[in-house]
Amino acid sequence: MRKQIVAGNWKMNKNIQESIQLANEVVANVQGLTLNNTRVIVTPTFVNLTEVVRATDGSAVEVAAQNMHQAKSGAFTGEISAEMLTSLGLKTVILGHSERREYFGETDAILAEKVNAALANNLEVIFCFGEVLEDRKSDNHFNVVESQIKNGLFHLEASAWENIVLAYEPVWAIGTGETASPEQAQEMHAFIRKIVADKYTTEVAENVSILYGGSVKPSNSKEIFSKEDVDGGLIGGAALNAEDFIALVKSF
Ligand code: PEP
């Protein structure tokens, strides 16, 4: 059965003290909750991973990385490998965030390599994709999403999908305060599940968690998360504050 996931992407925010404080607050609040089928993930910047892993140790809060390099090791100044992440005890990495695609030139081909490297190191991948506003306006959003998923993931064997989480993040809704309506999110998520079923099997499609990302906040999360094919959220701004983040977890 697929899991519900609330994953907070802290991006390039929070210094070490602030990261520990936020992690402690999230842990303290999650302790009192009955999570059932819901996973709670926080994603600090690389330099703060070790301390956040320590702060969340023994709790239900999981820690993931925001990115990684595709190579095993070597002369890649400033980069982090999959093995470095697993050596910290991490089990999950976000790949393909639209900010990585847009500002750091991550193409579908690079992302396919990153996915392979992550899976080879037993890391689960939260794979992000989504259309820009012009694509939505020109009714090209389904094509864009299909091609991003196809190019990044459809080379995988069906069994690899146990370690894939999908995150549909319309770029026009990220950090803009503009949210896809629950109906728009459901429409796209159902489409995604169908293309996965067509390529693999209904079982693979039914078992993959599909998160929505884009200005999710406590005031809109219940409605979005209640949609049949929406299995949770990848959260930016609202994840930087424990109270808001926990309110999102409680929407399930
Ligand atoms: C994100 O960057 O993944 C995101 C969804 O950000 P926000 O929630 O701030 O729109």
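In this chain, residues are counted from 1 in sequence order. Every number for a ligand or one of its atoms is a count from 1 in the order of the listing.
Here the protein heavy atom with the shortest distance to atom 3 (O) of ligand 1 is Glu169 OE2, 2.6 Å. The nearest protein atom to atom 9 (O) of ligand 1, hydrogens excluded, is given as Gly237 N, 2.8 Å; this is a heavy-atom distance. For atom 2 (O) of ligand 1, the nearest protein heavy atom (residue, atom name, distance) is Lys11 NZ, 2.4 Å. Distance from atom 8 (O) of ligand 1 to its nearest protein heavy atom, with residue and atom name: Gly236 N, 2.8 Å.
For Phe46 against Ala65, the heavy-atom pair with the smallest separation is CE2-CB, 4.1 Å.
Between Ala238 and ligand 1 there is no heavy-atom distance shorter than 4.0 Å. Residue contact annotation: His97 has a non-hydrogen atom under 4.0 Å from ligand 1.
Counted by atom type alone, Trp172 and Glu131 present one or more donor-acceptor pairs between their side chains at under 3.5 Å. Under the 3.5 Å distance criterion, with hydrogens and angles disregarded, a donor-acceptor pair is assigned to the side chains of Glu25 and Gln21. With no hydrogens or angles considered, a side-chain donor-acceptor pair links Asn48 and Ser19 at under 3.5 Å. Side chains of Asp231 and His189: a donor-acceptor N/O pair is absent below 3.5 angstrom, by distance only.
Listed by atom number, the atoms of ligand 1 under 4.0 Å from Leu234 heavy atoms are 3 (O), 5 (C). Atoms of ligand 1 found under 4.0 Å from any heavy atom of Gly214 (numbered from 1 in listed order, with element): 5 (C), 10 (O). The distance from ligand 1 to the heavy atoms of Gly213 drops below 4.0 Å at these ligand atoms: 5 (C). Residue Gly175 approaches ligand 1 through these ligand atoms, each under 4.0 Å from one of its heavy atoms: 7 (P), 9 (O), 10 (O).
If you look at Ala173 next to ligand 1, the close heavy atoms, those under 4.0 Å, all belong to the backbone.
Residues Glu62 and Arg39 are paired through a salt bridge, judged by an N-O separation under 4.0 Å between the basic side chain and the carboxylate.
For Glu79, the CD atom is densely surrounded, since the number of other residues' heavy atoms within 6.0 Å is greater than 12.
The aromatic rings of Tyr200 and Trp161 lie tilted to each other, with the angle between the two planes from 30° to 60°.
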